[in-house]
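Here's the structure we're looking at; comments come further down.
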Amino acid sequence: MMPYVISRLGAEQYGVYQLAGSSVVFFMLLQLGMGPTLVRYFAKAVARGSREEIARTSSTAQALLGGLGLLAAFLCLALIPFFIRFFNVPPEAARATVFLLMCKAASLFLNLTLIIPKGIAYGTNHYDLANLIDIAASVLRLAGVAAFFECIHPSVGFIGLAYLLADVFAYCAYYTLAINKVGTVALPAIRHITQSTMRSIFGFSMFNLANTVSQTIVYQAPVLMIGRILGQGMVTSFAPALLVSSAMTGFLGQTARPLVPFASRDRERNGGQSLGPWATNVGRFSAFLGFGMALPFLAFGREILGAWLGPDLAEYWAVVAVMSTGAAVSQVQAANYYLALGGGHIRPTVYSQIVMAAVVLLGTFMGIRYWGWGLLGVALFTGGCMFLRNTG
């Protein structure tokens, strides 16, 4: 979708869209790390065969995330005037940008409450059906953007609307899947909300929150600094590197994410005897696969970006190559994190992620503001931090 949207909107308007996405994604942190936490809790409940535990976890989480989703949506709406002023959005683009952020506010609520049925799908190890829903939603986003652009006119607001409609589809599909797999215990019921479950979920989710915050800072903070200091056009130039590295992280994460329910079952039934070999083997496999994905950008990056996004962005191929290599290396810790999430202690991986986020945040700001770094400098620094964290 990127080359199509850039060609229809132009670099400046696409930069506004990218900045809006990087700003709003921070509101997803209001999930308080509940996503990975619920996968762990649902996987353990399924391993024990306890429908009562599933009901308690689901109802309590929906009460929490429903309130947090409303808070995130209101905060996003309150951000709109500040966003327009801070990033100097041109007056002719302000109306479409406001509509984009309004759509993103609604999507925030859906995505926070969507965490519960997703957790049930992953906890019952139905990654195949969950991936099918995600694929269908992605196709709907692309089709919606193309339909709005071609039948009405290109606008960042219509991108937001297409994403919102796809999120509504995913919301309905995931809840249908959850009810089909565990029954009506997937739906909220006041009688199943308990303080003990709430305390237990909150206690574990704080570590996941710290991990999520740190990971978000590593990928999104450089984008916001580039937009504020170097301009919206440079955000568009950095966007391919962010897209490729984020897509690789998401794709490779799918190879390790099913370890959560398996680790939970192994911990319940075998005392976690298989966790060590799994951590080693899956980490190696994910890193090997990641380097295989990064290799074409290292060898033929200019040609790939030229064919994909045109000659203007082809010169930034080295930025994409560096960021994709860093994403490949990061999968070593990702495998350990998912195994620990299912059946062990996640503190070591979370602490190392926090340290890396702090270093990336401070180093990127100093580099761009005072040391004259360009996009390649930002990519080398971020990729180097990933390498040191995952090989140290």
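The first residue of the sequence shown is numbered 1, and numbering continues consecutively from there.
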field: Spacing of OH belonging to Y14 relative to CZ belonging to R8, to within rounding of 0.5 Å
entry: 15.5 Å
message: What's the separation between atom OG in S324 and atom CG in L295, rounded to the nearest 0.5 Å?
response: 9.5 Å
field: Pairwise side-chain contact, F251 with L289, heavy-atom cut-off 4.5 Å (strictly under)
entry: yes
message: Can you confirm whether the side chains of S58 and Q62 place a donor and an acceptor under 3.5 Å from each other?
response: yes
- line: Between the CD1 atom in I120 and the NE2 atom in H126, the distance rounded to the nearest 0.5 Å is 12.0 Å
query: With side chains defined as the heavy atoms from C-beta onward, is the minimum distance between F381 and V359 less than 4.5 Å?
result: yes
message: Using side-chain heavy atoms (C-beta onward) and a distance below 4.5 Å, is I217 in contact with V360?
response: no
field: Any pair counted as ring pair (Phe, Tyr, Trp, His ring centres under 6.0 Å), so long as it reaches residues 48-91, sequence neighbours left out
entry: F82-F86, F83-F87
- prompt: How are the rings of H153 and F158 set to each other: parallel, tilted or perpendicular (split at 30° and 60°)?
  reply: perpendicular
- prompt: Among side-chain atoms of Y219 and T249, is any donor-acceptor pair under 3.5 angstrom?
  reply: yes
- request: Output, in order, the C-alpha distance, side-chain angles, deciding distance and verdict of side-chain contact (heavy atoms from CB on, under 4.5 Å) for T197 and H192.
  value: CA-CA 10 Å; T197 303; H192 291 307; over 6 Å; no
- request: Hey, could you give me the NZ/CG distance between K104 and N111, rounded to the nearest 0.5 Å?
  value: 9.5 Å
- prompt: Would you call I159 and L9 a side-chain contact if the rule is heavy atoms closer than 4.5 Å?
  reply: yes
field: Reference residue Y171; test ring pair (Phe, Tyr, Trp, His ring centres under 6.0 Å); the match among Y174, F169, Y175
entry: Y175
- prompt: Which heavy atom of A166 sits nearest a heavy atom of R141, and at what distance?
  reply: CB-CG, 3.3 Å
query: Are any of the side-chain heavy atoms of L65 and L38 separated by less than 4.5 Å?
result: yes
query: Does a sphere of radius 6.0 Å around CD1 in I190 hold more than 12 heavy atoms from other residues, nucleotides or ligands, not counting ones at 6.0 Å or beyond?
result: no
W317 side chain near F297 side chain, heavy-atom distance below 4.5 Å: no
task: Examine V322 and L298 and state if one hydrophobic cluster contains both, with Ile, Leu, Val, Met, Phe, Trp and Tyr joined whenever side-chain heavy atoms are less than 4.5 Å apart.
output: no
query: Is it true that I304 and M323 fall in one hydrophobic cluster, defined by side-chain heavy atoms closer than 4.5 Å?
result: yes
query: Under 3.5 Å, is there a donor-acceptor pair between the side chain of S59 and the main chain of A189?
result: yes
statement: Tightest non-hydrogen contact, residues A93 and T97, listed as O-OG1, 2.7 Å
field: Trace of the side-chain contact (heavy atoms from CB on, under 4.5 Å) decision for L19 with V89
entry: CA-CA 11 Å; L19 286 169; V89 177; over 6 Å; no
- prompt: Taking T124 for the side chain and A121 for the main chain, is one N or O donor matched with an acceptor at less than 3.5 Å?
  reply: yes
message: Looking at every heavy atom in both L100 and V156, which two are closest together, and how far apart are they?
response: CD1-O, 3.4 Å
query: Is the side chain of T364 donor-acceptor paired with the backbone N or O of L361 at a distance under 3.5 Å, no angle test?
result: no
field: Nearest non-hydrogen partners of I193 and A63, listed with the distance
entry: CD1-CB, 3.7 Å
Residue pair A72 / L108: nearest heavy atoms and the distance that separates them: O-CD1, 3.7 Å
- request: Evaluate the criterion side-chain contact (heavy atoms from CB on, under 4.5 Å) for residue pair W373 and L380; output intermediate values, then yes/no.
  value: CA-CA 10 Å; W373 285 0; L380 285 169; over 6 Å; no
- request: Quick one: closest heavy-atom pair of S107 and D167, and the distance?
  value: OG-OD2, 2.9 Å
- prompt: Would a distance-only check, ignoring hydrogens and angles, find a side-chain to backbone donor-acceptor pair under 3.5 Å from T57 to I54?
  reply: no
query: Side-chain heavy atoms under 4.5 angstrom apart, residues restricted to Ile, Leu, Val, Met, Phe, Trp, Tyr: same cluster for L129 and V139?
result: no
message: In the structure I gave you, are the side-chain heavy atoms of Q18 and L242 within less than 4.5 Å of one another anywhere?
response: yes
I135 with L114, same ILVMFWY side-chain cluster at under 4.5 Å: no
query: Step by step, would you call M2 with I6 a side-chain contact (heavy atoms from CB on, under 4.5 Å)?
result: CA-CA 6 Å; M2 180 182 284; I6 291 177; 3.6 Å; yes
message: Is there a path of hydrophobic side-chain contacts, each under 4.5 Å between heavy atoms, that joins Y316 and I229?
response: yes
field: Test item: L132 and D128 side chains (from C-beta on) under 4.5 Å apart, heavy atoms
entry: no
